[in-house]
2 protein chains.
Amino acid sequence: MLDDRKAAILRAVVECHIRTAQPVSSSYVAQLPGLSVSPATVRNEMAVLEQEGFLFQPHSSAGRVPTDKGYRYFVDSLSGPAPLGPEQAELVRMFFNRTHGELERTLAETSSLLSHLTDYAAVVVAPSAPEPGRVRSVQLVALSPRLALAVAVLANGAVERRAVELPNDVAEAQVEMASSLTAAFLVGSSLDRPGQPAPSGDPAVDSLMAAALGSLRLPEPGTGAQAPVYVGGAARMAAAFDAVSTIRTVLGILEQQFVLVSLLKDVLDRGLTVAIGTEHGLVQLAECSVVVAPYEVDGQQAGTVGVLGPTRMHYDQALAAVAVVSKKLSKALSDGEVRRQHSDRGQRSAV
Amino acid sequence: MLDDRKAAILRAVVECHIRTAQPVSSSYVAQLPGLSVSPATVRNEMAVLEQEGFLFQPHSSAGRVPTDKGYRYFVDSLSGPAPLGPEQAELVRMFFNRTHGELERTLAETSSLLSHLTDYAAVVVAPSAPEPGRVRSVQLVALSPRLALAVAVLANGAVERRAVELPNDVAEAQVEMASSLTAAFLVGSSLDRPGQPAPSGDPAVDSLMAAALGSLRLPEPGTGAQAPVYVGGAARMAAAFDAVSTIRTVLGILEQQFVLVSLLKDVLDRGLTVAIGTEHGLVQLAECSVVVAPYEVDGQQAGTVGVLGPTRMHYDQALAAVAVVSKKLSKALSDGEVRRQHSDRGQRSAV
DNA sequence: GTCTGGCAGTCAAGGTTACCGAGTGCCAGC
DNA sequence: GCTGGCACTCGGTAACCTTGACTGCCAGAC
């Protein structure tokens, strides 16, 4: 598409502009080692690059700035993510060495880590709608005369918990009976095992079992609809822009979890790793780029990590950080160093 | 401390500066209804107020701006929180009408609500270290040959879950035995019931029980140490400042949960509802004020809600919003419309 | 044909100057 | 003790110029 020299010039412009945030002049490019031509020649090439939409001139006596298309070409011709710096690699290593415990906490801290690594805002989308595991234990516990709790422990250590309303006239013994019959029906199979347990002979017990089964089959109300998102380093992102209004807009987006999730999903669904400027649909983020990667749990795509920064971000470093973090996170989650806390029908293997 | 006229002038200056963010001139104050004196008189009074530290003059030919001390006087002489506007009251009503479900979610959304109400950043600190409830059910579930899960259901519907490592040579039957003995020991009392269950005769079972009991008594690792914080409307806060560096600093603070929690705690502990400028210890937040209120669960102080805005915030409205939200939140949490999700030894009454 | 040096043109940025107006402080008089 | 008046102070804005960093283009060299 572009001959070698044009590509080299474009590349030089992008790299310089990422560093300095200033328009890049022909003389700067010409003076660069590796390209031994005069500024005038560079100017001619730049004029062509501008005509073809890779560069843009803020005003007639200014240097050139890359367009989104220019960044796209640059990113596509990147040889791959840069290796992480030594301190960064150390940071990642340390982080994942001491990563244990609760999933929510881990994800939140991962977003913070990723933000540290890149100096941009980082986003981590929690695993969504994982497939149910085998049931190891089911219990109905009466909490009050009117209310019971159905508690199921899954093979991966996740605990499902649902409230079940009791009819007025149910005796403790009936709850216990329903509990053991439901357990007999569910233990060893999956939570959404179809069908009903054999009738017990007591209609009250039967309806209680039906209620418990029904509520256990439904996803936790309020949580299933949307995967939670963890945003880290919003402040860092603010440092990348100087217009207050831009900061405000971007911050606003970062607070709208729903928008964020669909943004990342969108990008991934289109098979992209990097979305530059307006490539993702959000006009408000026209000055931003997004670098994303999915992470896996036990070999299955589970969630997304990503970095949100200015269009002139250090793509190679961001790519590297995102790649490493998603890989390490996949490993940590799959190895069971991190435990799902609740209500997730997690597909995770044993804790 | 201040005679009526000085107080009125100070009040006028504060109110005007809150509205306009500009230095306030003597002529503006003089022309205000209720104070019928000439600008010159106002100037004289202002000079005194400045000497006494209530006002400040950015430069010799500018109007006056309130100091922190000026704001403090203003806030202290406030007749009380302003009533909420009708749309705001409606917003609150609607919000708490449909508030059900998970605690975490509710708190996060509450912070968003409070931020909407005030147009500043809002902070909600989750209830901390609630006292344990009665145990309704305990179970040991073997997940793998090496690992079991101790699951306890408390009277309030909370579910405690702990991993227990199994010695190599434990049989399924032994786990079951330990499970029922542990249940017999714990059900009906509290999780931290002292002592040990009666020896079963099988040392493997006994040690298993000891392990299960021990882990159930410990708080969930990683969560207990610090109450989670929910921050809403950071973007709104950014709108209140125009220096990018200030925005960045304040955003940075908002991301440091630990700092936030101790900030709010500090303010409350000193018996304050409002902390202005440097009254709280954080130099980075010198341009900010904080309005806080505790909320209760079942009559016991549980957590904190607060608003973080510029020193020139609308104190009356913020006070009103914080008061209403903390009250309504207390009610919602105490009525059991909101359910703790997990691992909290919650003191909440039955679901 | 391609590259280069040179030259004229353009435009943003920065510095200077002048001016305006919003405010104050002070004082004399009511 | 209050007020009107007056001189003074400064920040902000606009107009202006200069500077310098670019570009575009062209004619000549390779």
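Letters go in sequence order (proteins before strands), and every chain restarts at 1.
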A:His59 has an atom NE2; how far is it from atom P of C:dA12, in whole Å? 5 Å

In whole angstrom, what separates A:Lys6's NZ from C:dT2's C1'? 12 Å

Which whole-number value in Å describes the distance from B:Arg64 CZ to D:dG11 P? 15 Å

Of the listed nucleotides C:dA22, C:dG25, D:dC22, the one nearest the side chain of B:Glu50: C:dG25

Between D:dG24 (P) and A:Leu49 (CG): distance, integer Å: 12 Å

Is the phosphate of C:dG25, meaning OP1 or OP2, less than 4.0 Å from a side-chain N or O of B:Gln57? yes

Specify the separation, in whole Å, of atom CD of A:Gln51 and atom P of D:dG24. 10 Å

Below 4.5 Å, heavy atoms only, C-beta onward: do A:Thr311 and A:Ile276 meet side chain to side chain? yes

Could you tell me whether the side chain of A:Ser61 has a donor or acceptor atom within less than 3.5 Å of a complementary atom in the base of D:dC22? no

Stepwise, does the side chain to side chain contact (heavy atoms under 4.5 Å, CB included) test hold for B:Leu2 with B:Glu52? CA-CA 10 Å; B:Leu2 293 182; B:Glu52 297 185 354; 3.6 Å; yes

Distance check needed: D:dG24 P versus A:Leu55 CG, whole Å only. 11 Å

A:Glu15 and side-chain hydrogen bond (donor to acceptor under 3.5 Å, both in side chains): which single residue from A:His17, A:Arg19, A:Arg11 fits? A:Arg11

Atom CZ of B:Arg248 and atom CE of A:Met237: how far apart are they, to the nearest 0.5 Å? 10.5 Å

What nitrogen or oxygen pairs link the protein and nucleotides 3-5 of chain C at under 3.5 Å?
unit_1 : atom_1 : unit_2  : atom_2 : d
C:dC3  : OP1    : A:Arg5  : NH1    : 2.8
C:dC3  : OP1    : A:Arg5  : NH2    : 3.4
C:dC3  : OP2    : A:Arg5  : NH2    : 3.1
C:dT4  : OP2    : A:Ser38 : N      : 3.1
C:dT4  : OP2    : A:Thr41 : OG1    : 2.6

How about B:Asp76: does its CG atom have over 12 heavy atoms from other parts shown lying under 6.0 Å from it? yes

Side chains of B:Lys265 and B:Thr304, heavy atoms from C-beta outward: is any pair under 4.5 Å? no

Here the distance between atom C1' of D:dG12 and atom CD of B:Gln22, to the nearest Å, is 12 Å

